[in-house]
Amino acid sequence: MQIPPGKKIYFLSDFHLGAPDYLKSLDREKLIVQFLKQAQADAAQFFIVGDLFDFWYEYKTVIPKGYTRILGRLAEITDSGIPVSFFVGNHDMWMDDYFQKELNIPVHYHPQSYEFNNKRFYIGHGDGLGPGDHKYKLLKKFFRNKFCQWLFGVLHPSWGMGLANYFSRKSRAATGLTDEKFLGDEKEWLINYSREVLKKEHYNFFIFGHRHLPIDFQLKDDSRYINLGDWIRYYSYAEFDGSTLSLKYYKP
């Protein structure tokens, strides 16, 4: 894909809408919608790289209550002809077909490769990639299992959503402030993962979320690792103008 002159591709992740409570989430949602509305003016495409919601589950005929503003804005963006791609995160992995049918947004469960203006991009949420974290990788297989998802769907939504939101909040609380520190390239597992991918195939940019810390790290002379941070503390995102990829911060 060639990006038209004056247009940009925007990459965002980790909104965690729904957390930590309704009012704070609503304020954050309004801010994100404001950004999307402004960015829409020169956007060629949007990538939302996971954890849009702090928890999401699609029952057969029911979706979670709320999020009217963000869903409406995404529908308006795709209706205007601007493509949006969504990557599931560890908090909203139970996507089904609502985004595809109602919003015309493709949903990806694994990292994907793209090429824009002769630059190669490797994009994914980032959870479960790289060495270690075996406990989570096992848990992820359990959660992605269709039978386990069906069992959860048997629960009444009031019970199921309440239980899921409790564990989702507990998960973020357990992380604490560790996400705020850069651990060094040898201990940053997404940097290690990117290096392993580079041994097999070249990419100019590796773009991930999940880490909740904005990071711009040079892997090689012509290859960079970008972590998008989040919209809880940093309000950070990346934009590609056809030649340059920049990590930026939204200041309304």
Side-chain angles (χ1 to χ4, degrees), residues 1-15 39 42-51 83-90 106 108-134 136-137 140 175 177-250:
M1 173 182 173
Q2 288 295 118
I3 303 172
K7 294 292 185 179
K8 299 174 182 177
I9 298 178
Y10 290 92
F11 306 86
L12 310 93
S13 75
D14 293 275
F15 303 160
D42 64 0
Q45 186 166 351
F46 287 94
F47 284 90
I48 300 178
V49 192
D51 284 355
V84 177
S85 293
F86 181 81
F87 290 77
V88 301
N90 51 306
H108 303 291
Y109 293 85
H110 305 283
Q112 302 290 313
S113 301
Y114 299 87
E115 185 170 322
F116 303 108
N117 291 34
N118 299 316
K119 301 288 185 179
R120 300 199 69 211
F121 291 73
Y122 188 91
I123 305 171
H125 183 61
D127 59 310
L129 302 179
D133 207 5
H134 300 295
Y136 170 71
K137 290 176 181 177
K140 183 176 180 179
T175 305
L177 299 177
T178 57
D179 285 338
E180 294 184 354
K181 301 175 182 178
F182 181 71
L183 303 176
D185 60 296
E186 295 299 326
K187 294 183 179 180
E188 289 285 345
W189 38 271
L190 282 173
I191 290 180
N192 291 327
Y193 176 79
S194 300
R195 284 171 169 163
E196 288 301 313
V197 173
L198 276 176
K199 291 178 181 178
K200 303 174 184 177
E201 193 170 359
H202 178 74
Y203 291 94
N204 300 100
F205 305 108
F206 291 84
I207 299 180
F208 296 107
H210 188 57
R211 182 68 174 81
H212 285 253
L213 181 68
I215 300 171
D216 186 346
F217 184 84
Q218 197 78 35
L219 297 164
K220 289 184 175 181
D221 289 342
D222 56 351
S223 184
R224 286 159 57 199
Y225 156 74
I226 303 291
N227 196 281
L228 298 171
D230 66 25
W231 283 69
I232 300 172
R233 287 166 293 188
Y234 299 105
Y235 311 101
S236 49
Y237 64 98
E239 66 175 40
F240 179 64
D241 63 6
S243 59
T244 303
L245 181 69
S246 305
L247 187 60
K248 295 192 172 185
Y249 300 83
Y250 183 54

Q: Just by distance, do the side chain of D222 and the backbone of N204 share a donor-acceptor pair under 3.5 Å?
A: no

Q: Measuring from atom CD1 of I3 to atom CG of N117, what distance do you get when rounded to the nearest 0.5 angstrom?
A: 4.5 Å

Q: Determine whether I207 and L228 make a side-chain contact, defined as any pair of heavy atoms from C-beta on separated by less than 4.5 Å.
A: yes

Q: Find the distance between CZ (F86) and OH (Y109) and round it off to the nearest 0.5 Å.
A: 9.0 Å

Q: Is there a side-chain contact between M1 and Q45, using heavy atoms and a 4.5 Å cut-off?
A: yes

Q: Tell me, please, whether F205 has R224 positioned over its six-membered ring: NZ or CZ under 6.0 Å from the ring centre and within 45 degrees of its axis?
A: no

Q: Does any N or O in the side chain of H125 come within less than 3.5 Å of the main-chain N or O of V49, such that one atom is a donor and the other an acceptor?
A: yes

Q: Quick one: CD1 on I232 to CG on D51, what's the gap to the nearest 0.5 Å?
A: 8.5 Å

Q: How many angstroms lie between atom CD of Q218 and atom CG of D216, to the nearest 0.5 angstrom?
A: 7.5 Å

Q: What's the shortest heavy-atom distance between A44 and P83, and which atoms?
A: O-CD, 3.4 Å

Q: What about F121 and F47, are their ring centers closer than 6.0 Å?
A: no

Q: So which heavy atom on S13 is nearest to which on W231, and how close?
A: O-CD1, 3.6 Å

Q: Any heavy-atom pair between the side chains of V197 and K200 that's under 4.5 Å?
A: no

Q: Below 4.5 Å, heavy atoms only, C-beta onward: do I191 and L219 meet side chain to side chain?
A: yes

Q: Going from NE2 on H202 to CZ on R120, what distance comes out if it is rounded to the nearest 0.5 angstrom?
A: 8.0 Å

Q: Does L129 reach the side chain of F208, with side-chain heavy atoms less than 4.5 Å apart?
A: yes

Q: Between Y225 and N192, do the side chains contain an N or O donor and an N or O acceptor separated by less than 3.5 Å?
A: no

Q: Report yes or no: does E196 contribute a side-chain atom to a donor-acceptor pair with the main-chain N or O of K199 at less than 3.5 Å?
A: no

Q: Using side chain to side chain contact (heavy atoms under 4.5 Å, CB included), reason through F11 and L245 one step at a time and then give a plain yes or no.
A: CA-CA 10 Å; F11 306 86; L245 181 69; 3.9 Å; yes

Q: Please report the shortest heavy-atom distance between Y249 and P214, naming the atom on each side.
A: OH-CB, 3.3 Å

Q: Please work out which of the three classes, parallel, tilted or perpendicular, describes the rings of H108 and Y114, given edges at 30° and 60°.
A: perpendicular

Q: Just do the ring-ring contact (aromatic ring centres under 6.0 Å, His included) check on F46 and Y10 with the steps written out, would you?
A: CA-CA 5 Å; F46 287 94; Y10 290 92; 5.6 Å; yes

Q: Please round to the nearest 0.5 Å and tell me the distance separating atom OG of S246 and atom CD1 of I226.
A: 8.5 Å

Q: Under 3.5 Å, is there a donor-acceptor pair between the side chain of D42 and the main chain of K7?
A: no

Q: Please work out which of the three classes, parallel, tilted or perpendicular, describes the rings of F240 and F116, given edges at 30° and 60°.
A: tilted

Q: Within the 4.5 Å heavy-atom criterion, are I123 and Q112 side-chain neighbours or not?
A: no

Q: With distance as the sole test, does D14 use its side chain to make a donor-acceptor pair with the main-chain N or O of D230 at under 3.5 Å?
A: no

Q: Do R195 and E188 sit within salt-bridge range, that is, some charged N less than 4.0 Å from a carboxylate O?
A: no

Q: If you define the side chain from C-beta out and look only at heavy atoms, does anything of F217 sit under 4.5 Å from L190?
A: no

Q: Of all the heavy-atom pairs spanning Y234 and L213, show the shortest one and how long it is.
A: OH-CD1, 3.5 Å

Q: For H210 and D127, does a side-chain donor sit closer than 3.5 Å to a side-chain acceptor?
A: no

Q: Y193 vs F206, test: ring-ring contact (aromatic ring centres under 6.0 Å, His included). Steps then yes/no.
A: CA-CA 10 Å; Y193 176 79; F206 291 84; 7.6 Å; no

